[in-house]
Amino acid sequence: MQVKSFALTDIGHVRKENQDNYLINEDLLLYVVADGMGGMKKGGAAAQYAVNAVNEYVLRKSAEGQKNPEELITQALEAAGAGFSEAVGDDSGSTIVVAILTGNQAVVANLGDSPAYLLRGDELSLLTREHNLAGLLVEEGRLDP
């Protein structure tokens, strides 16, 4: 499998601070995107913490021989969440999307309203659901995607 990866963030036209953060770890085929919650304090620090915590966990567990990508992602997100308030504070938050490539598959998870998409050729497909009111209403069939 050939993988080409790149990342780019943009502050946009509304915010005064870019609170996006990302990680491309090509050795582990680990990809993380975090978006600090702009309405809360320290969103940029929250996104940075989330990316670093997931990377450090996956790096450590992979070195110990753990290879199951579903377990790695689940446990990495749990570990990041467990230390979040202590590291960043209760008045902050971040969304996160994590992908680990293995063989010819990708294992993807997200928390919050930052979804993951697959671009194959010219077709864009949604891989995850948004964890917000709009996402819930779409799931219930009360709102058109």
Without placing hydrogens or testing angles, list every side-chain donor-acceptor pair under 3.5 Å for residues 20-34, not counting sequence neighbours.
| unit_1 | atom_1 | unit_2 | atom_2 | d |
| --- | --- | --- | --- | --- |
| N21 | ND2 | Q48 | OE1 | 2.5 |
| N25 | OD1 | D27 | N | 3.2 |
| N25 | OD1 | L28 | N | 3.1 |
| N25 | ND2 | N55 | OD1 | 3.0 |
| E26 | OE2 | S5 | OG | 2.8 |

Revision key, fill the gap. Residues at least two apart in sequence or cross-chain that pass salt bridge (Lys or Arg N to Asp or Glu O under 4.0 Å) with E17, listed by chain then number, are none
Point to revise | Spatial distance of atom CD (Q66) from atom CD (Q75) [nearest 0.5 Å] | key: 4.5 Å
**Study point:** Side-chain donor or acceptor of K42 paired with backbone N/O of D91 under 3.5 Å
**Key:** no
Check your understanding: With sequence neighbours left out, what residues match E86 under side-chain contact (heavy atoms from CB on, under 4.5 Å)?
Key -> none
Check your understanding: Does the side chain of T74 come within less than 4.5 Å of E78's, by heavy atoms?
Key -> yes
Review point. Measuring from I73:CD1 to I96:CD1, what's the distance to the nearest 0.5 Å?
Key: 10.0 Å
Revision key, fill the gap. Those residues at least two apart in sequence (or on a different chain) that pass ring pair (Phe, Tyr, Trp, His ring centres under 6.0 Å) with Y49 are F84
Point to revise | Residues that, via side-chain heavy atoms closer than 4.5 angstrom, fall in one hydrophobic cluster with L8 | key: none
Exercise for review: Following the transitive rule for hydrophobic clusters with a side-chain heavy-atom cut-off under 4.5 Å over Ile, Leu, Val, Met, Phe, Trp and Tyr, establish whether Y57 and V51 coincide in one cluster.
Suggested key: no
**Study point:** Nearest heavy-atom neighbours spanning D90 and S85
**Key:** OD1-OG, 2.7 Å
Atom pairs and distances, donor-acceptor, side-chain atoms in residues 108-123, under 3.5 Å, two or more places apart:
| unit_1 | atom_1 | unit_2 | atom_2 | d |
| --- | --- | --- | --- | --- |
| N110 | ND2 | S114 | O | 3.2 |
| N110 | ND2 | R129 | O | 2.9 |
| S114 | OG | T95 | OG1 | 2.6 |

Check your understanding: Does T128 reach the side chain of V97, with side-chain heavy atoms less than 4.5 Å apart?
Key -> no
Study note, to complete from the structure: By side-chain contact (heavy atoms from CB on, under 4.5 Å), E70 pairs with (sequence neighbours left out) N68, V107
Point to revise | Heavy-atom donor-acceptor pair, S62 side chain to V58 backbone, under 3.5 Å | key: yes
Check your understanding: If you take all heavy atoms of G36 and S94, which pair is closest and at what distance?
Key -> N-OG, 3.9 Å
